[in-house]
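Structure, as structure tokens:
Quick note: residue numbers are just sequence positions, from 1. Being a predicted model, the structure only gives us computed values, none of them experimental.
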Amino acid sequence: MVTTWLAIVSSTSSPRRRLRLAMAASSSLLPFPAPSATFPRARHAAGRGRAGATGRFMACSSPPPDVVVTRERGKNAKLIAALQIHNIQTLELPLIRHVEGPDTDRLSDVLRDEKFDWITITSPEAAAVFLEGWKAAGNPKVQIAVVGSGTARVFDEVMQYNDGSLEVAFSPSKAMGKVLASELPRTTETTCKVLYPASAKAGNEIQNGLSDRGFEVTRLNTYTTVPVQDVDPLILKPALSAPVVAVASPSALRAWLNLVSQVDNWGNAIACIGETTASAAKEFGLKSIYYPTTPGIDGWVESILEALKAHGQSKEAPGC
């Protein structure tokens with residue numbers, strides 16, 4: 001299927017318990033380790049060098065990055081691999097990390113004490129946090145509504161091995177929170193209760209949309225994001241030169257803008273995972289924004305390719 005891409009121009013895991021231990025061990029963010037640059041697979045043409053077992057390009061000096069990937073560490077591999085197929089050089093620069101929210105510890109109690117017709121899950125991180133609380137609550141029977149396939153995949157293993165107490169039963173026609181809120185089916189004639197475990201920084205679009213339709217919504221802020229505080233200048237310098245920065249959330253976008261606030265005339269492209277992040281980029285006043293009509297890795301890759309094409313980037317493997 002050919003996906004229609006939109007470009008706005010001149011307008012705009014680890015288990016949660018381990019996370020808690022990591023938070024307790026450090027109260028401040030540390031500088032990033034050395035950048036992770038991805039190199040294209042070796043071609044069989046003469047003079048191209050050789051690739052090691054990992055598929056990273058060897059025997060040549062590192063070329064400048066085409067794309068900066070900014071998800072938290074450990075969550076960029078799939079995008080990097082997809083871009084590598086197109087000979088795109090990537091620089092991994094995580095801009096945010098997830099930490100516990102004010103309602104993390106309440107989640108298991110709420111699941112034990114109350115019954116809900118739906119649990120709405122709108123991101124892979126929300127899914128991972130929910131699963132820990134659900135297991136701590138004794139695996140009560142729940143019916144899940146997910147925003148899209150990426151979020152649904154977090155539940156695959158649990159659904160394969162559990163006794164049917166957890167079921168992913170709904171996803172909207174488009175992977176957007178506002179569409180989920182408008183399409184979530186009512187399961188009762190009377191009050192339909194929804195639990196919405198969310199990021200503390202998420203807007204009110206879903207809960208307001210559901211409430212307007214007569215759902216009774218309980219929102220728990222089970223996690224939040226914090227931006228990076230320090231980045232090694234040796235990493236930031238090549239990142240600033242990259243023609244495209246790929247972002248998957250408004251939080252990551254804000255973190256990037258904080259980093260470049262001291263840099264004059266930065267005006268390269270932002271490739272967003274979906275419309276929500278693209279809208280935030282427009283509000284921030286960015287000028288070259290690309291995003292897919294349907295959120296997801298495949299669409300994100302295509303929007304990155306579109307941005308690179310607009311910036312005249314050739315995707316041939318570098319010579320030695």
Looking only at side-chain N and O atoms, does [Y] offer a donor or acceptor that is under 3.5 Å from a partner on [X]?
| X | Y | answer |
| --- | --- | --- |
| Y291 | T276 | no |
| E183 | S173 | yes |
| N139 | S165 | no |

Check whether [X] and [Y] end up in the same hydrophobic cluster, where Ile, Leu, Val, Met, Phe, Trp and Tyr are linked by side-chain heavy atoms less than 4.5 Å apart.
| X | Y | result |
| --- | --- | --- |
| I235 | V260 | yes |
| V194 | V146 | no |
| V129 | L131 | no |
| L107 | L166 | yes |
| W134 | I144 | yes |

Residue pair [X] / [Y]: nearest heavy atoms and the distance that separates them:
| X | Y | value |
| --- | --- | --- |
| S303 | A271 | OG-CB, 4.2 Å |
| A137 | S108 | CB-O, 3.4 Å |
| A310 | Y290 | CB-OH, 3.2 Å |
| P227 | A255 | CB-CB, 4.0 Å |
| P243 | L308 | CG-CD2, 3.8 Å |
| A82 | V301 | CB-CG2, 3.6 Å |

Exercise for review: Please name the residue in the list L257, T277, V247 that meets the side-chain contact (heavy atoms from CB on, under 4.5 Å) test with I270.
Suggested key: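 Testing each of L257, T277, V247 against I270, the sole residue satisfying side-chain contact (heavy atoms from CB on, under 4.5 Å) is V247.
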Are the side chains of [X] and [Y] in touch, meaning some heavy atoms are under 4.5 Å apart?
| X | Y | result |
| --- | --- | --- |
| I121 | P197 | yes |
| I273 | R71 | yes |
| Q89 | Q84 | no |
| T122 | I206 | yes |
| V99 | T225 | no |
| N204 | R219 | yes |
| V244 | N268 | no |
| V231 | L93 | yes |

At what distance, to the nearest 0.5 angstrom, does [atom1] of [X] lie from [atom2] of [Y]?
| X | Y | atom1 | atom2 | value |
| --- | --- | --- | --- | --- |
| L184 | C192 | CG | SG | 6.5 Å |
| L253 | S279 | CG | OG | 11.0 Å |
| L210 | R213 | CG | CZ | 6.5 Å |
| L95 | N258 | CG | CG | 9.5 Å |
| Y196 | L180 | OH | CG | 9.0 Å |
| L83 | D66 | CG | CG | 9.0 Å |

Exercise for review: Report, as yes or no, whether the 6.0 Å neighbourhood of atom NZ on K193 holds more than 12 heavy atoms from other residues, nucleotides or ligands.
Suggested key: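 Yes - once you tally the heavy atoms of other residues, nucleotides and ligands closer than 6.0 Å, there are more than 12.
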Practice item. Start with the C-alpha gap between V154 and F130, add the side-chain angles, then the distance that decides, and say whether side chain to side chain contact (heavy atoms under 4.5 Å, CB included) holds. Key: CA-CA 10 Å; V154 179; F130 171 79; over 6 Å; no
Does the distance from a Lys or Arg side-chain N to an Asp or Glu carboxylate O, for [X] and [Y], drop under 4.0 Å?
| X | Y | value |
| --- | --- | --- |
| D109 | R106 | no |
| E167 | K141 | no |
| K75 | E125 | yes |

Is there a donor-acceptor pair closer than 3.5 Å between any side-chain N or O of [X] and the backbone N or O of [Y]?
| X | Y | answer |
| --- | --- | --- |
| D103 | N221 | yes |
| S241 | P238 | yes |
| T104 | T222 | yes |

Review point. Between R186 and F215, is NZ or CZ placed under 6.0 angstrom from the six-membered ring centre and within 45° of the ring axis?
Key: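 That pair qualifies as a cation-pi contact.
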Exercise for review: Check the pair E205, M176 against side chain to side chain contact (heavy atoms under 4.5 Å, CB included), reporting the backbone distance first and the verdict last.
Suggested key: CA-CA 10 Å; E205 187 175 58; M176 296 179 65; over 6 Å; no
Exercise for review: Could you walk me through whether K309 and E306 pass salt bridge (charged side-chain N to carboxylate O under 4.0 Å, His left out), step by step?
Suggested key: CA-CA 5 Å; K309 181 179 178 181; E306 188 76 11; 5.7 Å; no
Check your understanding: Under the side chain to side chain contact (heavy atoms under 4.5 Å, CB included) criterion, do V68 and T90 qualify, and how do the steps go?
Key -> CA-CA 6 Å; V68 179; T90 59; over 6 Å; no
Point to revise | Pair L195-L111, side chain to side chain contact (heavy atoms under 4.5 Å, CB included): steps then yes or no | key: CA-CA 9 Å; L195 177 64; L111 288 169; 3.7 Å; yes
